[in-house]
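What follows is a single structure, written as structure tokens, with notes after it.
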Amino acid sequence: MTEQSPALDNLLTESRTFPPSEEFAATANATEQWYTDADADREAFWGKQAERLHWDTKWSKVLDWSGAPFAKWFVGGKLNVAYNCVDRHVEDGHGDQVAIHWVGEPGDTRDITYADLKREVCKAANALASLGVGSGDRVAIQLPMIPEAIVAMLACARIGALHSVVFGGFSPTALRSRVDDAEAKVVITSDGQYRRGKAVPMKANVDEALSGAETVRKVVVVRRTGDDLGGDVPWTEGRDVWWHDLVDAQSAEHTPEAFDSEHPLYILYTSGTTGKPKGILHTSGGYLTQAAYTHHVVFDHKPGKDVYWCTADIGWVTGHSYIVYGPLANRATQVVYEGTPNTPNEGRHWEIVQKYKVTIYYTAPTLIRTFMKWGSDIPAKYDLSSLRLLGSVGEPINPEAWMWYREHIGANRCPVVDTWWQTETGAIMISPLPGVTHTKPGSAQRPLPGISAKVVSGDGTEVPNNGGGYLVLDKPWPAMLRGIWGDDERYRDTYWSRFADQGYYFAGDGAKYDADGDIWLLGRVDDVMNVSGHRISTTEVESALVSHPTVAEAAVVGATDPTTGQGIVAFVILRGDAAGDGAGAADGAEAIQALRDHVAKEIGPIAKPRQIMVVPELPKTRSGKIMRRLLRDVAENREIGDVTTLADSSVMDLISKGMRSGS
Ligand code: ATP
Ligand code: MG
């Protein structure tokens with residue numbers, strides 16, 4: 001046999017495409033030529049992109065890959081990341097431009113100009129230095145989405161300290177393991193945070209987490225909820241200090257030091273969708289170059305004109321690269337919103353878009369499917385005509401969700417960019433280019449200029465069009481991780497051992513090429529199902545289910561089956577109008593049969609779910625990704641695995657109970 005069986009069968013097809021409008025194309029930041037230029041000389045291309053930044057010392061060499069898989073980009077170059085994100089815009093005469101339109105959940109707002117931001121970052125940098133934090137030290141940050149979170153990150157970058165941002169909703173155990181792993185010297189947090197209209201404590205959790213933590217010398221506390229929390233904030237004398245006492249007293253002058261291009265910038269732990277989170281290490285020059293470049297071309301960002309809004313939390317990589325580093329390096333004016341999308345009502349995001357005339361909106365499929373579930377009449381009540389571009393990140397976006405997004409949010413006018421990347425890649429890798437690419441619902445399509453990705457079979461050979469396999473990155477890229485914090489072996493093992501002979505980075509995701517050679521992401525390879533010898537992707541079956549008018553969200557897993565090897569088990573959430581109880585409800589036996597038939601019609605009888613469960617919620621990580629491994633535990637009647645990064649662990653009880661009564 002010469003031909004390796006592909007890693008994945010290609011089942012779902014999609015023929016809709018949307019060419020860019022002439023108007024958009026006429027002023028687009030990138031053109032088709034960029035691909036040609038990058039292919040002709042990749043390193044020269046990246047050298048040119050690095051010129052977006054201010055370098056105190058220019059690099060002597062673009063890439064040193066001699067220590068592979070540990071890359072060095074812009075060798076010998078020196079820069080200050082915070083200076084690039086803040087000071088230089090002020091020096092260029094844009095001090096009065098708003099950097100952040102901040103919107104608090106209770107309705108309070110702050111507009112922060114670049115001059116304001118510079119003042120705050122300088123003070124915070126002086127404050128950290130006064131606590132003995134210096135170059136190479138680690139600072140853990142657990143804060144809600146308030147301006148101080150961004151200021152704290154930039155202050156660390158300014159003095160060469162590494163930040164490790166921990167999501168505000170994480171438990172004391174999760175915070176503690178991250179603090180210990182990074183040996184953080186200082187922790188920055190707040191008294192409390194607003195969540196769904198209520199003030200909830202934060203400092204109390206941090207204290208629980210830090211009990212006996214040996215490396216932590218100081219805890220800096222931002223006052224956010226104040227009197228709303230009621231009662232006193234727990235306090236450890238000598239260790240704890242209020243942000244306003246410490247920072248406000250500092251000088252607003254701080255001279256930024258130039259650090260080596262490879263100086264570490266931050267550690268960030270992955271979402272933990274597939275297992276124990278990994279502490280991903282990013283460095284300075286290459287990371288900032290790619291974050292700025294991708295923000296410029298993928299979002300077609302025009303400084304001083306656009307109002308940009310990325311809805312991610314700062315605790316995830318999307319918040320790092322597309323709220324802090326990319327947009328600020330590019331002098332964006334952006335919205336930062338503190339709260340949940342349904343506080344005080346389900347129109348909150350659209351009210352914000354209307355008020356600030358947001359032009360670029362970047363969110364996750366989980367939220368888009370939630371908006372679908374809430375109904376299109378909600379966005380229809382607002383003026384969304386300022387929008388000109390929509391983005392998606394975090395999971396494969398089902399074609400139906402993509403179409404809904406384009407139609408009901410983008411008025412069939414805005415290009416939709418589906419951006420594939422990971423904490424490890426640091427910045428966007430695969431995405432359409434707005435104004436250039438003919439977009440397709442559900443496909444991330446093509447590696448960006450300067451990036452190389454392939455879909456390969458198990459032996460590392462590229463699969464032909466219409467073939468499925470493993471997604472690999474076959475050339476180093478500037479924002480690539482420089483390792484897993486403190487664990488070089490795990491780094492080599494996790495990413496570089498699967499295709500060691502070829503020297504490919506293995507992303508852990510399955511993908512396919514369509515007939516045009518465009519890339520479709522098909523979910524984690526760990527989640528791929530094997531039904532009677534057919535390797536079926538979870539994404540394709542989920543997308544088929546979501547294309548049925550009654551289904552809002554779906555998660556499918558392969559469960560051991562005596563006859564077929566694995567059987568497909570689907571968990572579905574119904575749309576608002578279909579979920580009603582009583583006669584006509586869609587969770588009856590007939591309705592379930594209709595869904596099974598629908599999948600068979602969309603992608604073939606082989607993909608028909610053995611069992612479909614209607615559930616009220618799905619288990620998700622706190623970044624909104626579905627944790628299929630937990631559903632597999634349910635479907636196979638096993639004890640449920642690690643749930644520490646689950647947003648709401650009670651969801652699993654609901655599902656297991658329903659599963660037992662339903663079968
Ligand atoms: P862990 O590695 O700990 O399991 P994680 O992979 O969920 O966590 P992230 O780095 O936040 O942590 O997520 C990256 C993953 O998200 C990708 O590997 C991919 O599976 C998925 N992903 C992100 N964007 C897209 C996209 N546009 N299309 C398809 N999948 C995407
Ligand atoms: Mg991952």
Side-chain angles (χ1 to χ4, degrees), residues 165 167 174 177-178 267-282 294 298 310 312-322 362-368 390-399 401-402 405 416-432 439-448 453 455 470-473 479-481 484 490-491 494-495 505-512 518-528 537-540 542-543 619-630 641-647:
V165 182
F167 178 59
S177 69
R178 287 160 176 77
I267 303 166
L268 180 64
Y269 293 81
T270 58
S271 314
T273 312
T274 53
K276 182 170 174 275
K278 304 171 273 283
I280 303 302
L281 176 68
H282 282 292
T294 51
V298 175
C310 165
D313 191 278
I314 223 102
W316 310 121
V317 74
T318 308
H320 283 59
S321 301
Y322 298 106
Y362 188 33
T363 197
T366 176
L367 197 56
I368 297 167
L390 303 174
S392 171
V393 62
E395 277 188 295
I397 177 166
N398 321 100
W402 193 102
Y405 194 30
V416 176
V417 291
D418 174 13
T419 61
W420 178 88
W421 58 295
Q422 310 177 296
T423 311
E424 294 89 338
T425 68
I428 299 171
M429 302 293 281
I430 306 177
S431 166
T439 55
K440 288 179 187 171
S443 172
Q445 297 191 292
R446 189 173 170 186
L448 290 176
V455 182
Y470 303 93
L471 182 72
V472 298
L473 302 168
M480 70 194 293
L481 73 167
I484 293 178
R490 190 173 177 206
Y491 170 60
T494 309
Y495 307 105
Y505 168 93
F506 175 43
D509 287 346
K512 72 177 183 188
D518 279 326
I519 296 176
W520 292 71
L521 274 303
L522 297 178
R524 321 283 179 144
V525 292
D526 300 350
D527 290 336
V528 168
S537 109
T538 50
T539 302
E540 291 194 319
E542 287 163 8
S543 289
K620 287 186 184 157
T621 64
R622 296 183 184 184
S623 62
K625 295 182 212 287
I626 298 170
M627 278 215 232
R628 288 177 196 73
R629 64 180 168 83
L630 299 180
D642 183 4
V643 294
T644 52
T645 62
L646 204 59

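Predicted model only: the values in this text are computed from it and were never measured. Numbering of ligands and ligand atoms starts at 1, following listing order. Heads up: numbering here begins at 1 and tracks the sequence.
- The ring pair (Phe, Tyr, Trp, His ring centres under 6.0 Å) test applied to W402 returns F18, not counting sequence neighbours.
- Not one N or O of S623 is nearer than 3.5 Å to an N or O of ligand 1, by distance alone.
- Listed here is the closest heavy atom pair of W520 and G442: CE3-O, 3.3 Å.
- Ranking protein heavy atoms by distance to atom 26 (C) of ligand 1, first place goes to E395 O, 3.4 Å.
- For Y269, the heavy-atom gap to ligand 1 stays at 4.0 angstrom or more.
- Between Y505 and Y495, the distance separating the two ring centers is shorter than 6.0 angstrom.
- For atom 3 (O) of ligand 1, the closest non-hydrogen atom on the protein side is T270 OG1, 2.6 Å.
- Residue contacts with ligand 1 do not include V317, since none of its heavy atoms lies under 4.0 Å from the ligand.
- Listed by number with element, the atoms of ligand 1 under 4.0 angstrom from any heavy atom of T419 are 24 (N), 25 (C), 26 (C), 27 (N).
- For atom 7 (O) of ligand 1, the closest heavy atom belonging to the protein is T273 OG1, 2.4 Å.
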Start with the C-alpha gap between M429 and E424, add the side-chain angles, then the distance that decides, and say whether side-chain contact (heavy atoms from CB on, under 4.5 Å) holds. CA-CA 11 Å; M429 302 293 281; E424 294 89 338; over 6 Å; no
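- Counting heavy atoms under 4.0 Å from ligand 1, residue W316 does not touch it at all.
- Ranking the protein heavy atoms by distance from atom 13 (O) of ligand 1 puts K625 NZ, 3.0 Å first.
- Under 4.0 angstrom from ligand 1, the non-hydrogen atoms of R524 all belong to its side chain.
- Of the heavy atoms in T423, both backbone and side-chain atoms come closer than 4.0 Å to ligand 1.
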side-chain contact (heavy atoms from CB on, under 4.5 Å) between V298 and L448: does it pass, once the steps are laid out? CA-CA 9 Å; V298 175; L448 290 176; 3.8 Å; yes
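- The closest protein non-hydrogen atom to atom 22 (N) of ligand 1 is G394 O, 3.2 Å.
- Distance alone, capped at 3.5 Å, is enough to place a donor-acceptor pair between the S177 side chain and the A174 backbone.
- To the nearest 0.5 Å, atoms CD (E395) and CD1 (I368) are separated by 10.5 Å.
- Aromatic pair W316/Y322: centroids not less than 6.0 angstrom apart.
- Between the side chains of K620 and T366, at least one donor-acceptor pair of N or O atoms lies under 3.5 Å.
- Near D509, meaning under 4.0 Å from one of its heavy atoms, ligand 1 places the atoms 17 (C), 18 (O), 19 (C), 20 (O).
- Counting only N and O atoms by type, the side chains of T270 and T423 include no donor and acceptor under 3.5 Å apart.
- Residue-to-ligand polar distances keep L521 apart from ligand 1: every N/O pair is separated by 3.5 Å or more.
- Here is the list of ligand 1 atoms found below 4.0 Å of a heavy atom in D418: 26 (C), 27 (N).
- Nearest non-hydrogen protein atom to atom 2 (O) of ligand 1 is K278 NZ, 3.2 Å.
- Scanning the protein heavy atoms around atom 11 (O) of ligand 1, the nearest turns out to be S271 OG, 2.8 Å.
- Ranking protein heavy atoms by distance to atom 29 (C) of ligand 1, first place goes to P396 N, 3.0 Å.
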Carefully, step by step, assess D526 and R629 under the rule salt bridge (charged side-chain N to carboxylate O under 4.0 Å, His left out). CA-CA 9 Å; D526 300 350; R629 64 180 168 83; over 6 Å; no
